[in-house]
Novice: 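One structure, pasted below without further comment.
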Amino acid sequence: MRYSKALIPSLREVPKEAVNPSHVLLLRAGYIRMVGAGIYEMLPLGKRVLEKLSRIVREEMDAAGAQEVLLPALLPSDYFRETGRYDTFGDTLFRLTDRKGQECHLGPTHEEIITDLVRRDVKSYKQLPLNLYQIQSKFRDEPRPRAGLLRCREFIMKDAYSFDVDEAAAVTSYETMREAYHRIFRRLGLDYRVVQADSGAMGGSTSAEFQVLTQTGEDRLVACDRCDYAANVEVAEARFVPAERVESTNAITKIATPGKGGIDDVVAFLGGDVTAKRMLKSLLFVADGEVVMAVVRGDREVNEIGVARALGAADIRLATEQEVREATSAAVGFAGPVGFKGRIVIDREATQVVDAITGANETDAHLGNVNFGRDFQAEVAAIRLVEAGDGCPRCEGTLESYRGIEGGHIFILGTHYSEKMHATFLDADGKAKPFVMGCYGIGVSRLMATAVEQHHDENGIRWPMSIAPYQVIVTPLGKDAAVQEAAEGIYGELRAAGIDVLLDDRDERPGVKFKDADLLGIPLRITVGGRGLERGVVELKARTEAQAREVEKGSVVAETKASIEAALVR
RNA sequence: CGGGGCGUAGCGCAGUUUGGUAGCGCGCACGGUUCGGGACCGUGAGGUCGGAGGUUCGAAUCCUCUCGCCCCGACCA
């Protein structure tokens, strides 16, 4: 492609709505344009990146035995009514009514419609296993679209659905997908981790997230520095070594702590050998409408989702100030487990604190010498938030913390959808059984932004070779006829060799061309200048390296091919 | 949905407090000088001041309503 003919509307200044690196750079480099909140146009460069991503996904899905389909995005809502999701999806669904008054919506995900397809056309166990996938636009009216392509209302997703005869076969399908996802993410050139996550309200049992590690991700993760343990902090556990139980004979004492509600305040106020580790932090939550208390050691934070899981609650939130006052008859900051009337969950580590200091459930007062078991009872669970430096629960390693962006998520769904939708097949024993399903998503358009989040510098994008819109940019400097001719020659040869190449034939100064090349993030740049040409050389420079190297003009095409090959992960 | 901020030329912004008929930089077009990391000079095109209503002789500016966008939080198959 000739730059002079390409629609690459790069911007010198940062559009003010953009904050995230990927958003800023994709906008500035002319890959995307915003049309509305969470709605973007893919310009030629953006479209090329999407195609490269999609091709890799397709190749690996096909290789894993999945078959591509294309389901409608415009869906009659009857299918969602069968599973009750027409209501549970709530305002996230883009709803519309056709001219006959039939209710429709734009598909946010396609479990129902694919299950309907399979129940109509698949009747026998002999047709299983089956894995169908598509790459298609999804629509979700997010409460808060943000960060450019990272959280959109219309986005492109690869979604696959597997159908199996039983749970064991479904696990096989799931594992096949897991392997395919590993190959996909490796080929994309992304640093990622497979993590355990909260499977949410999907009704799924087994699930894993493919998290791409970035500075700005929405999700907080921990991963072991020794083994492959990795988990979303929502579900992560730290190694726990039970200590020998010490029984205290010290009686509870009341301590006046006027105006000192927070842990840090109390520690500072009491001084001496009182540390946060001696304190018990008591937080009140409302879980499924009931006020409950969660207790962790004073130097820890509570994992809210962990509390909900420990309680078996579907819904949880922090109690309001007023609810705290009603439940403890004290101001916020003075809650404690002793005498608390209601369910209490305590972190297992906090049960070991001897002669602890806790809130007294009385404003401006704390209790000293509080001991779990002796002075209060509670359900024990792992409810503290795991931190970097904590021990790995599986090995002797140490957990490190990361931020990640969910690039893929795989689930075993079981018969959740097939039972509700009466999607059955006849098994070898002649009995009708519901399909055992799995679903597997990859956020294709999100991955485009994710790759930029992970691969950029102050000058622009640094695409991994496999998904760069062009692999090479040829940059002739000046209008010298010999330079033009040499650049055209190299451009022609690279194209003939099947390489994606952009020729910067614009009448621009060298600085402009270099800045744009860096901004666009093309992995390799061949610079053709008059001075070098006199000596028969051109420059070959990788976007990720500071220095260019001189290459004989006659061998630059071969060198470029070799560099591309080396950069592609197979 | 709660809190905060912003809508003026393609992009970034000033002008709004104190009403007087819209400006700067970048980009764009044309001419010239330049040419290895976002050159310089000159000329020029380009704006329903987010929208509606109101106050006024007169509204980007004041009032009312409304729409949109961004950030934090809630939410996120």
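Order of the sequence lines fixes the chain letters, A, B, ..., with proteins taken first and strands second; residue numbering starts at 1 for each chain. Computation of the quantities below employed the complete heavy-atom set of this structure, encompassing side-chain atoms and omitting hydrogens, waters and symmetry-equivalent molecules.
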Novice: Of the nucleotides B:rC35, B:rC71, B:rC70, which one has an atom closest to the side chain of A:Arg144?
Specialist: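 Closest nucleotide to the A:Arg144 side chain: B:rC71.
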Novice: Is there, by distance only and without an angle test, a donor paired with an acceptor across the side chain of A:Asn459 and the base of B:rG37 below 3.5 Å?
Specialist: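 It does not, because no donor-acceptor pair links the side chain of A:Asn459 to the base of B:rG37 below 3.5 Å.
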Novice: When the C1' atoms of B:rC62 and B:rU17 are considered, how many whole Å apart are they?
Specialist: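 So the two C1' atoms sit 11 Å from each other.
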Novice: Under 4.0 Å between a side-chain nitrogen and a carboxylate oxygen: does that hold for A:Arg151 and A:Glu142?
Specialist: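 Yes, this pair counts.
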Novice: With respect to the side chain of A:Lys16, which nucleotide from B:rC6, B:rA39, B:rC11 is positioned closest?
Specialist: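 Within the option list, the nearest is B:rC6.
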Novice: Between B:rC49 and B:rG23, how far is it from one P atom to the other, in whole Å?
Specialist: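 The same atom, P, in both gives a distance of 14 Å.
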Novice: In this structure, how many angstroms lie between the P atom of B:rC72 and the CZ atom of A:Arg151, rounded?
Specialist: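 From A:Arg151 CZ to B:rC72 P: 12 Å.
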Novice: Base, sugar-phosphate, or nothing: which does A:Gly529 touch, judged by heavy atoms less than 4.0 Å apart?
Specialist: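 The residue A:Gly529 makes base contact.
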Novice: Whom does B:rC11 pair with, Watson-Crick or G-U wobble, provided both distances fall under 3.5 Å?
Specialist: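 When the pairing criteria are applied, B:rG25 turns out to be the nucleotide that pairs with B:rC11.
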Novice: Reckon A:Asp516 touches a base, only the sugar-phosphate, or nothing at all at heavy-atom distances under 4.0 Å?
Specialist: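 The residue A:Asp516 makes base contact.
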Novice: Within less than 4.0 Å of OP1 or OP2 of B:rC26, is there a side-chain N or O belonging to A:Arg12?
Specialist: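 Answer is no, no contact under 4.0 Å.
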Novice: Under 6.0 Å between ring centres, would you say that holds for A:Tyr470 and A:Trp463?
Specialist: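 Between A:Trp463 and A:Tyr470, which both carry aromatic rings, the centre distance is not below 6.0 Å.
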Novice: Just the rounded figure in Å: distance from P of B:rC76 to CE of A:Met157.
Specialist: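 Taking atom P of B:rC76 as the reference, CE of A:Met157 is at 16 Å.
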Novice: Given that both distances must come in under 3.5 Å, which nucleotide forms a Watson-Crick or G-U wobble pair with B:rG68?
Specialist: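 By the stated definition (distances under 3.5 Å), B:rC6 pairs with B:rG68.
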Novice: Between A:Pro15 and A:Val528, which has a closest nucleotide on RNA chain B that is more 5'?
Specialist: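 Upstream on the strand: A:Pro15.
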Novice: Which nucleotide sits closest to the side chain of A:Ala37: B:rC70, B:rC76, B:rC35?
Specialist: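 The nucleotide sitting nearest to the side chain is B:rC70.
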Novice: What nucleotide among B:rG38, B:rC75, B:rC11 has an atom nearest to a side-chain atom of A:Pro143?
Specialist: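 Closest nucleotide among those given: B:rC75.
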Novice: For A:Lys479, answer base if it contacts any base atom (sugar-phosphate contacts may also be present), sugar-phosphate if it contacts only those atoms, and nothing otherwise; contact means non-hydrogen atoms under 4.0 Å.
Specialist: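 Counting heavy atoms under 4.0 Å across all strands, the contact made by A:Lys479 includes a base.
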Novice: Give me the one residue out of A:Leu117, A:Leu71, A:Leu132 that meets side-chain contact (heavy atoms from CB on, under 4.5 Å) with A:His110.
Specialist: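 Going through A:Leu117, A:Leu71, A:Leu132 one by one, the side-chain contact (heavy atoms from CB on, under 4.5 Å) with A:His110 is satisfied by A:Leu71 alone.
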Novice: Let me know the distance between CG of A:Leu519 and P of B:rG37, rounded to the nearest Å.
Specialist: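 My rounded result for the distance is 18 Å.
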Novice: As a test of reading the structure: which of B:rC71, B:rG12, B:rG38 is closest to the side chain of A:Val19, going by heavy atoms?
Specialist: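 For the A:Val19 side chain, the nearest candidate turns out to be B:rC71.
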Novice: With a 6.0 Å cut-off on ring centres, are A:Phe411 and A:His416 close enough?
Specialist: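 Ring centroids of A:Phe411 and A:His416 are no less than 6.0 Å from each other.
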Novice: Applying a 4.0 Å non-hydrogen cut-off, can you work out what A:Arg525 is touching in the nucleic acid: base, sugar-phosphate, or nothing?
Specialist: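 Touches a base.
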Novice: Is a donor-acceptor contact shorter than 3.5 angstrom present between the side chain of A:Arg28 and the base of B:rG38?
Specialist: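 Between B:rG38 and A:Arg28, which were checked side chain against base, a qualifying N/O pair under 3.5 Å is present.
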Novice: In whole angstroms, how far is the C1' atom of B:rU34 from the CD atom of A:Glu508?
Specialist: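 Going from A:Glu508 (CD) to B:rU34 (C1'), I get 13 Å.
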Novice: When you compare B:rG27 with B:rG47, how far apart are their C1' atoms, in angstrom units rounded to a whole number?
Specialist: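 To the nearest whole Å, 16 Å.
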Novice: A:Glu458 has an atom CD; how far is it from atom P of B:rG38, in whole Å?
Specialist: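 Whole-Å distance recorded here is 15 Å.
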Novice: With a 6.0 Å cut-off on the ring centroids, do A:His409 and A:Phe210 count as close?
Specialist: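 Distance test on ring centres: not under 6.0 Å, no.
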Novice: Quantified in whole Å, what is the C1' atom distance between nucleotide B:rU16 and nucleotide B:rC63?
Specialist: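 About 14 Å, rounded to a whole number of Å.
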Novice: Starting at CD of A:Glu209 and ending at C1' of B:rC76, how long is that distance when rounded to a whole Å?
Specialist: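 So the CD-C1' distance, A:Glu209 to B:rC76, works out to 12 Å.
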Novice: Using atom C1' in both nucleotides, what's the gap between B:rA45 and B:rG53 to the nearest angstrom?
Specialist: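 Rounded to whole Å, the distance is 34 Å.
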Novice: Select base, sugar-phosphate, or nothing to describe what A:Ala147 touches, counting heavy atoms under 4.0 Å on all strands.
Specialist: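 Sugar-phosphate contact only.
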Novice: When both hydrogen-bonding distances must be under 3.5 Å and the geometry is Watson-Crick or G-U wobble, what is B:rU56 paired with, if anything?
Specialist: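 Pair assignment: B:rU56 / none.
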Novice: Rounding to an integer number of Å, can you tell me how far A:Glu17 CD sits from B:rC6 P?
Specialist: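 After rounding, the gap between these two atoms is 16 Å.
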Novice: How would you label the contact of A:Glu539 with the nucleic acid (heavy atoms, under 4.0 Å): base, sugar-phosphate, or nothing?
Specialist: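 Result for A:Glu539 = base.
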Novice: Any carboxylate oxygen within less than 4.0 angstrom of a Lys/Arg side-chain nitrogen, looking at A:Arg525 and A:Glu545?
Specialist: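 No, no charged N to carboxylate O under 4.0 Å.
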Novice: Would you mind pulling out the nucleotide paired to B:rC30, Watson-Crick or G-U wobble, both distances under 3.5 Å?
Specialist: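 Its partner is B:rG42.
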Novice: Which of the following nucleotides, B:rC71, B:rC35, B:rC11, is nearest to the side chain of A:Glu13?
Specialist: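 Of the candidates, B:rC11 comes closest.
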Novice: In the strands shown, is B:rC1 matched to any nucleotide by a Watson-Crick or G-U wobble pair with both distances under 3.5 Å, and which?
Specialist: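 Paired with B:rG73.
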Novice: In terms of the nearest nucleotide of RNA chain B, which residue is placed more toward the 5' end: A:Phe89 or A:Pro145?
Specialist: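 Result of the comparison: A:Pro145.
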Novice: With heavy atoms under 4.0 Å as the rule, sort A:Gly36 into base, sugar-phosphate or nothing.
Specialist: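 Sugar-phosphate contact only.
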Novice: Would you mind pulling out the nucleotide paired to B:rU48, Watson-Crick or G-U wobble, both distances under 3.5 Å?
Specialist: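 By the stated definition (distances under 3.5 Å), nothing pairs with B:rU48.
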Novice: Between A:Phe80 and A:Tyr86, is the ring centroid distance below 6.0 Å?
Specialist: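 Distance test on ring centres: not under 6.0 Å, no.
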Novice: Can you confirm if the aromatic rings of A:Tyr192 and A:His182 lie within a centre distance of less than 6.0 Å?
Specialist: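 That pair passes the under 6.0 Å test.
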Novice: For B:rU16, give the paired nucleotide (Watson-Crick: N1-N3 plus N6-O4 or O6-N4; G-U: N1-O2 and O6-N3; both under 3.5 Å), or none.
Specialist: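 By the stated definition (distances under 3.5 Å), nothing pairs with B:rU16.
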Novice: So does A:Arg146 reach the base of B:rC71 with its side chain, donor to acceptor, closer than 3.5 Å?
Specialist: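 There is none.
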Novice: Distance check needed: B:rC70 P versus A:Leu149 CG, whole Å only.
Specialist: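 For the pair A:Leu149 CG and B:rC70 P, the rounded distance is 13 Å.
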